[in-house]
Amino acid sequence: ISRFVIANYNRIRQEIGVMLMIPFYKLERYEGNEALFELVMMSIVSSYVGEPLHVHAEGLRGTGKTTIMRAARDILPTIERIKGCIYNCDPAAPHCPHHKNLSPEEIKAIGVEEIPMPFLEISHSAKVGTVAGSIDLAKLTDPAHPEAQLLPGIIPQAHRGIIFIDEINRLADTSPEITDILLDVMGNKPGHLQIEEAGLPVVEITVSVSVWAASNPDEEPGPLEEIRRQLSDRFDMVCYMGRPDSLDILANMLEENSYFHKVNQPNKAEMAAADENKNEKYRNDIIRWAQKYEKTDLPVFLRNFIALMYIKHNLESIRAIQAMQQGAVLHSVLNNRDKVMITDV
């Protein structure tokens with residue numbers, strides 16, 4: 001099944017995109033949501049080089065936060081992993097219990113494969129075992145060779161990719177155990193995850209994953225910062241969504257989302273191919289920006305400027321200025337500048 005999905009990934013993605021979702025490049029952009037489009041691209045670029053950038057979008061319901069973030073799934077580039085590794089082990093830096101102690105020769109013998117950068121979601125009904133990991137029941141109940149093994153959950157399977165959580169303020173209110181797991185995963189870069197199951201050894205692994213979240217702060221249980229301040233502090237960037245105020249933009253949104261427009265488009269196969277070409281351009285840009293990001297540093301005077309802001313304004317968290325530094329370089333790269341400027345900060 002895995003080989004089939006990988007081999008037919010682009011075709012499957014095109015068909016699903018035609019049926020269910022407006023392509024990322026067709027989503028309407030306006031002053032109120034432009035920042036989220038930019039932060040999504042910055043986070044993908046940073047994730048691609050192995051440095052998470054956690055993004056939180058706040059705003060009124062129906063302003064398109066979730067739509068933008070989910071649509072970005074189609075523009076994610078591919079990554080290379082050890083063949084069949086559910087933990088997405090980088091062949092150059094294996095980290096999972098099965099591969100971390102293997103030699104380059106042993107890894108070469110196993111082989112490598114390309115897969116789409118992971119994009120997984122944590123739902124409000126998720127359990128700790130689903131999110132972190134639990135006993136693999138398929139192996140435990142195998143009549144030929146029953147054995148107790150861990151099955152990694154959503155977070156370890158999203159290594160080197162993205163995790164999306166809609167209405168994270170509700171999750172933080174109703175699932176404190178999952179929130180505690182996220183605190184460890186987002187606390188450092190890379191993060192830390194501990195998988196525990198009775199009767200099995202504790203598994204500790206590093207996880208490099210960017211967490212994207214959306215919330216409606218005007219609804220119960222309230223803003224994330226008031227519910228779980230520690231979790232709110234883990235996000236590098238917060239984007240406050242605004243409403244569209246252009247008749248043309250609103251009319252275009254209505255047309256793109258109308259049933260008639262979706263089912264009466266001429267030659268859907270050609271449109272799907274055109275959409276995929278646009279997506280491929282995004283992926284190529286992401287790879288190019290990532291290569292530039294790896295070679296770009298913040299000038300000393302800007303680093304001192306950010307440090308001065310921390311002291312002068314009595315900022316609460318050092319994570320804030322670390323996010324400023326990371327975000328400034330990413331913003332500069334996406335704007336194709338040769339050097340980082342104070343406007344990027």
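From a predicted model like this one, the values you see are computed outputs, not experimental measurements.
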Residue pair [X] / [Y]: nearest heavy atoms and the distance that separates them:
X: I44; Y: A72; answer: CD1-CB, 4.3 Å
X: P118; Y: L76; answer: O-CD1, 4.2 Å
X: I82; Y: E113; answer: O-OE2, 4.2 Å
X: R61; Y: D218; answer: NH1-OD2, 3.4 Å
X: V209; Y: G161; answer: CG2-O, 3.4 Å
X: A71; Y: L27; answer: CB-CD1, 3.7 Å

Inset, instruction - Quick one: do L302 and D344 satisfy side-chain contact (heavy atoms from CB on, under 4.5 Å)? Show the steps, please. - result: CA-CA 10 Å; L302 283 182; D344 294 310; over 6 Å; no
Cluster check [X], [Y]: I/L/V/M/F/W/Y, side chain < 4.5 angstrom:
X: I311; Y: I321; answer: yes
X: L182; Y: L120; answer: yes
X: M69; Y: L60; answer: no
X: V49; Y: I286; answer: yes
X: M309; Y: L298; answer: yes

Considering only heavy atoms from C-beta outward, does the side chain of [X] approach that of [Y] to under 4.5 Å?
X: I306; Y: R303; result: no
X: I75; Y: M41; result: yes
X: V207; Y: Y87; result: no
X: P23; Y: K278; result: no
X: Q326; Y: Y293; result: yes
X: H98; Y: I110; result: no
X: V55; Y: V40; result: no
X: N169; Y: P217; result: no

Legend entry - Full working for side-chain contact (heavy atoms from CB on, under 4.5 Å) between S210 and S46: CA-CA 9 Å; S210 292; S46 197; 5.8 Å; no
Does the [X] side chain pair with the main chain of [Y], one donor and one acceptor, at a distance under 3.5 Å?
X: Q157; Y: P152; answer: yes
X: S232; Y: R229; answer: no
X: H159; Y: S208; answer: yes
X: N33; Y: E28; answer: yes
X: T179; Y: S175; answer: yes
X: E177; Y: K127; answer: no
X: N335; Y: R337; answer: no
X: R160; Y: N88; answer: yes
X: E34; Y: R29; answer: no
X: D184; Y: L193; answer: no

[X] bridged to [Y] by N-O distance under 4.0 Å:
X: R288; Y: D285; answer: yes
X: D180; Y: R228; answer: yes
X: E105; Y: K108; answer: no
X: K65; Y: D166; answer: no
X: E256; Y: K26; answer: no

Inset, instruction - Dump the intermediate steps for side-chain contact (heavy atoms from CB on, under 4.5 Å) on W289 and M42, then the final yes or no. - result: CA-CA 9 Å; W289 287 328; M42 288 165 59; over 6 Å; no
Legend entry - Q322-K189 side chain donor-acceptor pair, cut-off 3.5 Å: no
Rounded to the nearest 0.5 Å, how far apart are [atom1] of [X] and [atom2] of [Y]?
X: Y282; Y: N277; atom1: OH; atom2: CG; result: 13.5 Å
X: M237; Y: L330; atom1: CE; atom2: CG; result: 7.5 Å
X: Q325; Y: D297; atom1: CD; atom2: CG; result: 7.0 Å
X: F24; Y: T67; atom1: CZ; atom2: OG1; result: 11.5 Å
X: T63; Y: Y30; atom1: OG1; atom2: OH; result: 6.0 Å
X: C89; Y: H95; atom1: SG; atom2: NE2; result: 5.0 Å

Inset, instruction - Tell me, yes or no, whether the heavy-atom count around Q230 atom CD, taken from other residues, nucleotides or ligands under 6.0 Å, exceeds 12. - result: yes
Legend entry - Heavy atoms of other groups near L247 CG, more than 12 under 6.0 Å: no
Inset, instruction - Start with the C-alpha gap between E219 and R170, add the side-chain angles, then the distance that decides, and say whether salt bridge (charged side-chain N to carboxylate O under 4.0 Å, His left out) holds. - result: CA-CA 9 Å; E219 297 179 359; R170 286 178 53 204; over 6 Å; no
Inset, instruction - Could you list the residues that satisfy side-chain contact (heavy atoms from CB on, under 4.5 Å) with T296, not counting sequence neighbours? - result: K292, V329, V333, V340
Inset, instruction - Show your reasoning for whether side-chain contact (heavy atoms from CB on, under 4.5 Å) applies to D245 and E31. - result: CA-CA 9 Å; D245 56 5; E31 187 177 352; 5.7 Å; no
